K.L.:
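Dropping a structure here in structure tokens format, bear with me for questions.
What's counted below: heavy atoms across the whole structure, side chains too, no hydrogens, waters or symmetry copies. Source: prediction; values computed, not measured.
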Amino acid sequence: MAGLGAGMGTRPSAALQVLAGRPLAAPAAPLLPARSGKMIAPKRCFIVSSRLAWVEDELKEIRKSQEQSSVKSKKRPPLRRGKVSPQLPVPEHIPRPSYVGSKGLPELCNVRQIHDAQGIAGMRAACKLAARALNFAGTLVKPSITTNEINVAVHNMIIEAGAYPSPLGYCGFPKSVCTSVNECVCHGIPDSTQLQNGDIINIDVNVFLNGYHGGTSRTFVCGHVDESIKHFMKAAEECLDKGISVCRDGVNYRKIGKKISKLAYFYGYYVVERFVGHGIGTMYHSEPLILHHANENSGRMVEGQTFTIEPILTMEKTECVTWEDGWTTVTADGSWAAQFEHTILVTRTGAEILTKV
């Protein structure tokens with residue numbers, strides 16, 4: 001799961017270890033929000049071959065659009081925190097995860113979540129609901145809607161299905177989904193911020209249904225965006241697909257990060273190393289931690305295991321900074337970020353994407 005937002009007031013540094021993936025290191029000291037997103041053409045050259053879809057004319061159009069968008073982006077104001085309303089209620093009859101009501105950060109369980117037939121059925125149901133809720137959220141994205149309005153609509157859909165929105169109350173997180181706009185890398189808190197034509201927004205949905213968590217996220221466009229942004233988002237989603245493609249019983253976890261980082265590098269974009277995927281099931285977060293960049297970590301996948309893969313790409317190489325709310329994480333230079341996430345089930349011959357409708 002890849003993105004949660006802020007809490008009310010300053011949270012401990014460990015509290016960043018949530019929805020958009022648990023960070024590998026303590027978050028940076030709180031800083032002011034960064035400048036507005038810069039839509040800049042990748043610095044590296046594209047290699048055109050018979051195996052690639054890109055052709056010279058298309059690349060020229062993309063670069064032309066990127067040059068135009070870099071001028072337009074100067075007029076776009078930096079992301080600012082809006083007004084955060086109180087968290088929404090959940091009917092008493094809906095079961096809550098064990099961390100709800102606890103002030104501290106739950107410890108990361110070091111047990112891999114491997115399921116029998118009953119557990120797999122439970123995961124499929126939870127992930128299917130999460131996917132449906134995310135698709136619904138995407139239909140709401142349009143100019144003038146607030147991120148909080150999206151939160152309210154998705155919250156109501158989840159509880160009407162008899163499930164609990166997993167982010168709500170996790171280490172004090174006040175909302176039911178994460179909404180990360182433009183330069184927000186992850187963990188954006190829904191608030192009074194209105195989307196504008198040309199924005200992009202990652203919506204991260206996680207649900208707790210019948211004792212199982214399922215999570216997924218996607219980056220959506222608001223209105224019309226130029227070709228440079230479409231290219232960037234396509235590359236980010238392709239990186240997720242590439243990471244999933246190597247998964248099967250017995251494969252090293254590190255192959256996921258190597259595949260993702262190699263493709264991101266080819267396209268001229270950068271992988272955020274600070275946030276990772278994780279095991280998910282009856283527990284919201286557990287081992288293994290899934291690194292999305294090249295690494296030499298040990299460990300192999302096991303049939304029946306479930307975990308998330310949720311790479312975040314940025315248009316420029318930059319650091320991440322966290323706002324004073326302790327959740328919202330943005331790029332230091334204001335360049336834009338995009339993220340896509342699925343929960344997968346490891347099988348003997350591959351991986352089943354549980355959050356694919």
K.L.:
Tell me whether His293 contacts the main-chain N or O of Arg274 through its side chain, where contact means a donor paired with an acceptor under 3.5 Å.
P.N.:
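Checked: no pair found.
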K.L.:
Within the side chain of Asn295, is there an N or O that forms a donor-acceptor pair under 3.5 Å with the backbone of Asn297?
P.N.:
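Confirmed, Asn295 side chain pairs with Asn297 backbone.
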K.L.:
When you compare the side chains of Thr146 and Asn148, does any donor N or O come within less than 3.5 Å of an acceptor on the partner?
P.N.:
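There is no such pair between these side chains.
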K.L.:
Would you say the side-chain atoms of Asp325 pair up with the backbone N or O of Thr328, donor to acceptor, closer than 3.5 Å?
P.N.:
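Flag set: sc Asp325 to bb Thr328 pair under 3.5 Å.
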K.L.:
Judged by atom type as modelled, is there a donor-acceptor pair below 3.5 Å linking the side chain of Glu183 to the main-chain atoms of Leu79?
P.N.:
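Yes; judged by distance alone, with no hydrogens or angles, the pair exists.
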K.L.:
For the side chain of Asn151 and the backbone of Ser176, is there at least one donor-acceptor N/O pair under 3.5 Å apart?
P.N.:
yes
K.L.:
Is the side chain of Asp199 donor-acceptor paired with the backbone N or O of Gln196 at a distance under 3.5 Å, no angle test?
P.N.:
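Flag set: sc Asp199 to bb Gln196 pair under 3.5 Å.
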K.L.:
Centroid separation under 6.0 Å, is that true for the rings of Phe275 and His292?
P.N.:
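Aromatic pair excluded; centres sit 6.0 Å or further apart.
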K.L.:
Hey, is the main chain of Leu168 close enough, under 3.5 Å, to the side chain of Tyr164 for a donor-acceptor pair?
P.N.:
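Confirmed, Tyr164 side chain pairs with Leu168 backbone.
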K.L.:
Any donor-acceptor pair under 3.5 Å linking the side-chain atoms of Glu238 with those of Tyr267?
P.N.:
yes
K.L.:
Do the two ring centres, one from His342 and one from Phe307, sit under 6.0 Å apart?
P.N.:
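Between Phe307 and His342, which both carry aromatic rings, the centre distance is not below 6.0 Å.
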K.L.:
Is it true that a side-chain atom of Gln194 and a backbone atom of Ser144 form a donor plus acceptor pair closer than 3.5 Å?
P.N.:
yes
K.L.:
Side-chain contact, heavy-atom cut-off 4.5 Å: Lys258 with Lys262?
P.N.:
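The answer is no; the side chains never approach within 4.5 Å.
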